[in-house]
There are 2 protein chains.
Amino acid sequence: MQVDEGIAILKENGHKYTDKRADILTYFIHAKGYRSAKALLAYMETSYTGISLDTIYRNLRLFEQLELLESREKNGEKLFKIACKSGTHHHHFICESCGLTKPLQKCPLPVYTEELADYHVNTHAFELYGLCPTCHNR
Amino acid sequence: MQVDEGIAILKENGHKYTDKRADILTYFIHAKGYRSAKALLAYMETSYTGISLDTIYRNLRLFEQLELLESREKNGEKLFKIACKSGTHHHHFICESCGLTKPLQKCPLPVYTEELADYHVNTHAFELYGLCPTCHNR
DNA sequence: TTTACAAATCGAAATGATTACGATAGAATA
DNA sequence: TATTCTATCGTAATCATTTCGATTTGTAAA
């Protein structure tokens, strides 16, 4: 995902370019994992003194709606990361220290074909949490 | 899980019996799946007019701490269900129609030993959603 | 049964994350 | 540049949850 692509998707959907939006995208593209609204705010304040909370949260919602960002919840707050462009179904390992997300190649669903033969499976949620090699060796 | 067992665990840990606590346990034992603090409050208010939010949230926290309840987050709120008494680690299939939860025998973790050889896995979340045989055939 | 005291509850205020709003600034288009 | 929405600002409101001083209650010992 490039900033340009994100901006293009914004415009296709009738939204305007702003430097703040480009910077928000840049922030999440460079962050390899989940980040909070608070963390984004801290980052944005370095470039835009007095930026409004409205701007932070409104754009986070917009980007998630446009599927430029994905989110999950933890300890009562929402965490965001750049969306995975690969259209194929996959799961993630999430580093609890730095937030890095590693896409996993396998899906555990086949494990249960036998056990749930009589059941109709619609969806599933699967995430692994721990420490990435970098954080583990520190 | 019986109400008596829950009360016993409360006492073993130096907490007192109250009718409200017994009723909270009853509520979650009879509930088929996850319930919100708000839903519990609505239920409790039918028996205890003017019950304090403090009582609701304090006991939810206590019960989760004592592992009588388990929780997950959705749409900015915490949802609770009665904990599974079997001490062994397992996952669930959850029927989206009737709320039935079927404990699963297998855990998908071994699938990833190779892929995450350099990673330190602490925890994982895995749930399957769909229709149980009864609901599917209706 | 009564007493004593820590724990539980109440009523209400505080907190933290998020959302909403009226006024102003700014991007896009002709 | 003039026009027209959209975006942002500054601040207030909202929602779930936590906290707190005062009061009540469970429970164990007298």
Side-chain angles (χ1 to χ4, degrees), chain A residues 3-4 6-27 34-66 68-80, chain B residues 3-4 6-27 34-66 68-80:
Chain A
V3 177
D4 297 354
I7 298 299
I9 290 172
L10 270 176
K11 294 197 172 183
E12 283 164 23
N13 289 82
H15 301 284
K16 292 180 175 172
Y17 169 90
T18 67
D19 289 346
K20 294 190 183 74
R21 282 178 171 167
D23 283 6
I24 291 173
L25 279 177
T26 302
Y27 174 73
Y34 286 96
R35 295 291 184 275
S36 65
K38 210 162 119 185
L40 172 62
L41 175 65
Y43 169 81
M44 294 296 283
E45 277 177 334
T46 63
S47 309
Y48 307 94
T49 315
I51 186 171
S52 172
L53 281 179
D54 190 11
T55 302
I56 298 292
Y57 283 104
R58 181 171 25 76
N59 285 314
L60 284 175
R61 257 177 291 150
L62 175 64
F63 289 174
E64 184 173 14
Q65 194 182 302
L66 296 177
L68 297 173
L69 293 179
E70 297 171 357
S71 76
R72 69 189 178 103
E73 292 179 51
K74 195 185 176 188
N75 298 327
E77 73 176 357
K78 222 169 170 183
L79 302 174
F80 299 84
Chain B
V3 177
D4 297 355
I7 298 299
I9 291 172
L10 269 176
K11 294 198 171 183
E12 283 165 22
N13 289 82
H15 302 283
K16 293 179 175 171
Y17 169 91
T18 68
D19 289 345
K20 294 189 184 72
R21 283 178 171 167
D23 284 5
I24 291 173
L25 280 177
T26 302
Y27 174 73
Y34 287 96
R35 295 290 184 275
S36 65
K38 209 163 119 185
L40 172 63
L41 176 65
Y43 170 80
M44 293 297 283
E45 277 177 334
T46 64
S47 309
Y48 306 95
T49 315
I51 187 173
S52 172
L53 282 179
D54 189 9
T55 303
I56 299 293
Y57 283 104
R58 181 171 25 75
N59 284 314
L60 284 174
R61 259 177 290 150
L62 175 62
F63 289 174
E64 185 174 13
Q65 194 182 301
L66 296 177
L68 296 174
L69 292 178
E70 298 170 356
S71 77
R72 68 191 178 100
E73 291 180 52
K74 196 183 176 188
N75 298 328
E77 72 177 356
K78 222 168 170 182
L79 301 175
F80 299 83

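From a predicted model like this one, the values you see are computed outputs, not experimental measurements. These values consider heavy atoms only, across backbone and side chains, with no hydrogens, waters or symmetry-generated copies.
- Sorted by first and then second residue, the side-chain hydrogen bond (donor to acceptor under 3.5 Å, both in side chains) pairs involving residues 35-48 of chain A (not counting sequence neighbours) are D23(A)-Y48(A).
- Counting heavy atoms from C-beta on, the side chains of L66(A) and H15(A) come closer than 4.5 Å.
- Among residues two or more places apart in sequence or in another chain, the salt bridge (charged side-chain N to carboxylate O under 4.0 Å, His left out) test is passed with E73(A) by none.
- Position along DNA chain D of the nearest nucleotide to D54(B) versus G76(B) favours G76(B) as the more 5'-ward residue.
- A distance of 5.0 Å separates CG in L40(B) from CD1 in I24(B), rounded to the nearest 0.5 Å.
- Reading DNA chain D from its 5' end, the first and the last nucleotide to sit under 4.0 Å from a heavy atom of chain B are dA16(D) to dT27(D).
- For DNA chain C, the outermost nucleotides in 5' to 3' order that have an atom under 4.0 Å from a heavy atom of chain A are dA17(C) to dA28(C).
- Rounded to the nearest 0.5 Å, atoms CG (L62(A)) and CG (N13(A)) are 8.0 Å apart.
- Listed by residue number, the members of residues 34-43 of chain A with any heavy atom below 4.0 angstrom from DNA chain D form an empty set.
- Taking CG of L69(A) as the reference point, atom CZ of R61(A) lies at 13.0 Å (rounded to 0.5 Å).
- Here R61(B) lies in heavy-atom contact (under 4.0 Å) with a base.
- Terminal axes of the helix from dT1(C)-dA30(D) to dA30(C)-dT1(D) (five pairs each, C1' rotation axis) are separated by 30°, to the nearest 10°.
- Remark on DNA chain D: of its neighbouring residues K11(B) and F80(B), the 5'-side contact belongs to F80(B), judged by nearest-heavy-atom nucleotide.
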